[in-house]
Amino acid sequence: MRTLSSLLRRQVVTEGGRKLGRCYDIRAELTQTSLKVTGLCVGRQGWAEHFGLPRLGHIRGHDPVPWEAVVSIEGDRIVVRDIQ
Amino acid sequence: MNKIFGVALGILAAIGGFVDIGDLVFNVAAGATFGYQLLWVVVIGVVGIITYSEMCGRVSAVSQKAVFDAVRERVGFKAGLITLIAAEIVNAMTLTAEVGGVAICLQLLSGLPYRVLIVLAAIVLGIVVWVVNFDWIERIFGYGGLCLLVFAVAAVKLHPDWGAVGHGFVPHVDTGNKLLYAYFAVGLLGAAMTPYEVYFYSSGAVEEGWTVKDLGLNRLNAIVGYGLGGFLSFALMIVGGALFLGKGIEPETLGSIAMGAQVPLGEIGLILALVGILFAVAGASIDTLFSGAYDLAQFCGYEWGRHKSPAGAPRFTLTWIVLLILAMLAVMTGVDAVKLTEFAVIFSVVALPLTYLPILLVANDKAYMKEYANGRLANTLGIFYFVIILIVALTAIPLMILTNLGQA
Amino acid sequence: MSESIDLGLRILDHQLLDKDGRRCGNVDDLAIEGGPGESAEVVAILVGPDVWRGRAGWIGRAAAWVAGGRRVRVPWSEVAEVSAHVQLKKTAPEYGLGRLDDRLRPYLEKIPGANR
Amino acid sequence: MAVVAAALLAGCNGGTVDQHALKQDSKTISSLATEGGLFAGQVARGESTGPYTRIQSDNLGRLAANLADALGRRKTSPGIEPKVRTAGRLAAQVAEQFKALHDHPTDRAVARSVQQAFGPLADHADKLAK
């Protein structure tokens, strides 16, 4: 078992070593009975908007990195497949 | 008709409840040091507290969140915890200063021994909070605080140079001692925008179950209550400038502030001023007492409420009892209430950004706020004030040290 | 019916309410089951000062020590509704939440006027 | 925060008295004497209450006595010692006047004489501040 807080603020990198930024939130799908994790919100862009600040210019956040792409969680890093 | 009457009574109570020991000390001292030059800073401070109170009230009405709920949700657990600790320290200092102020006023009125009055003040405050319904507390202390209007009469009676007063409302810096000027500006902003006021205001809004129907009332409360409260601040500064500046007096005691009404109006002025200060600082003691308990309860998530019976929110009740006892003991050490007030106001400024940022963020969150999210005016003012608060927070302590608490 | 939400923003650190609307703690953390390569799911809400230990370095540990470290685990299936607050299906004592308030109450009630 | 506060409080009344501190303290003495004059004037006109006069004169007198104590005892920068001691004596005289007011809070004749005594004290302190 792991906790939500242990995933937040970790560095997200691809298998190829490309840094995607820090994981600032976890996206999930809420139904009547369950709450399934679907992705990682990553990177600096969109961070301000995420926390409710008015958007500056035309910077939009990335779509979240899908949970299926996660390869391993080790140390303070989350490694994901190169799909982008 | 009845409703308008109710609103008017509420506003009267808000005016009387606006001034606390920080406003008394900084406004009179600023007047005694710089005359009317800093009146414009009070205006900025009052518009600031109006802006953020309105935002807090709106957030509470729409999302049922009080300020410290928002703090923890938005800035995260760690920064939230640090904000909580800072807020509690500042709050305890403010509470101590206010309780000390109550004891000093009681002493000036009765002549009884100081230490006896400290204990008496704490016991009476405790019993009042325990027994009396909060609606009545608000009215009693708010109306009692209206005696402070004697300072408005005193200001007129002292025949200030109204041209200079008018000029004071225009932002300007006209002094050789810019550091001292800046110190007083920071103190006046801090005194007007004290964080405990927004904790208190927003918690009340959640408790009283405000909904979007109450948004108009919220705006009216914030603008008129704080706006007219600011009027008292002007009066205090004008008295400081007209009476003390020309003579080279630096008022260092609460009794000196009361003399500001005594000189132009005689014995009746003195008594009204002392009674007004007594009710104002006693009311503020109760507000800070509750604020300290609100912050902790909201951070930890347990039951709270000034409208609940003491047994209805046990940990909340225990917290304010402990805070009151600690403040009483702190006053007993003989600490100078006026000096402590200056420290409390300056340190409170440091804690302001982490209090006001989450409010600004939640007020912009469309997921909760929907069509009631900040509009252009609220955001322009909100961001403008946030920048001011940041600057003030960074400079407050250096200024305090460089000017040796406004002495040099 | 499903809805996409961000856990850190919408659930973590939010107020917990029991069935009767009583405030009974905050969402101090969420337990997630399932690792890389599997599907992952939130299985429980973690409540109590003991949970703070892992959340803010030494200052969190100090706060947990001061508050007295208890930890309550509420299964996610007990959640009735997620809005501005997280509402549970049963009363607080049934989950072991709000115990300190319940223990303190009888002492306060000995003082007259506690239930005015 | 507590450390800063402690350091500041300690800085107020310890250490050597230099030119700057002398000026500052003389200003405070002058301020207290002027305030005392204004206050005694109110008492002389019967525009005060007994408790207020008694307590407020005690509060202000204590501030003056603290200054007198510090200026009479502390080390000074070279060359200004006589001035510092004079300031100390002035502060003590101010404290004495407040004591008189404190002891006779309702006696208007005493208040009148106290009021007259404060004027020259304030002037003297003003001169030292220059």
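Protein chains get the first letters and strands the later ones, always in sequence-line order, with residue 1 at the start of each.
- Of all non-hydrogen atoms in B/L245 and B/T33, the two that sit nearest each other are CD1-O, 3.6 Å.
- Heavy atoms closer than 4.5 Å to chain B are found nowhere in D/T53, neither backbone nor side chain.
- With chain B as partner, the option from D/L60, D/L63, D/N59, D/L38 having the largest number of non-hydrogen pairs under 4.5 angstrom is D/L38.
- With chain D as the partner, the residue from B/Q107, B/E250, B/E252 showing the most heavy-atom pairs under 4.5 Å is B/Q107.
- Residues B/Y199 and B/T355 have side chains that bring a donor and an acceptor to within less than 3.5 angstrom of each other.
- Residues D/G61 and D/A95 come closest through the heavy atom pair O-CB, 3.8 Å.
- Ranked by heavy-atom pairs shorter than 4.5 Å toward chain B, the options D/P105, D/S30, D/S48, D/A33 are led by D/S48.
- Only the side chain of B/L274 has a heavy atom closer than 4.5 Å to any heavy atom of chain D.
- By the 4.0 Å N-to-carboxylate-O rule, D/D58 lies close enough to D/R62 to be salt-bridged with it.
- Of the atoms belonging to B/L270, it is side-chain heavy atoms, and not backbone ones, that fall under 4.5 Å from chain D.
- Within the 4.5 angstrom heavy-atom criterion, no atom of D/L32 approaches chain B.
- The candidate with the highest count of non-hydrogen atom pairs below 4.5 Å against chain D, out of B/D336, B/I268, B/T253, B/I104, is B/T253.
- The aromatic rings of B/Y183 and B/F26 are tilted relative to each other, their planes meeting at an angle between 30° and 60°.
- Taking 4.0 Å as the cut-off between side-chain N and carboxylate O, D/K99 and D/D103 count as a salt-bridged pair.
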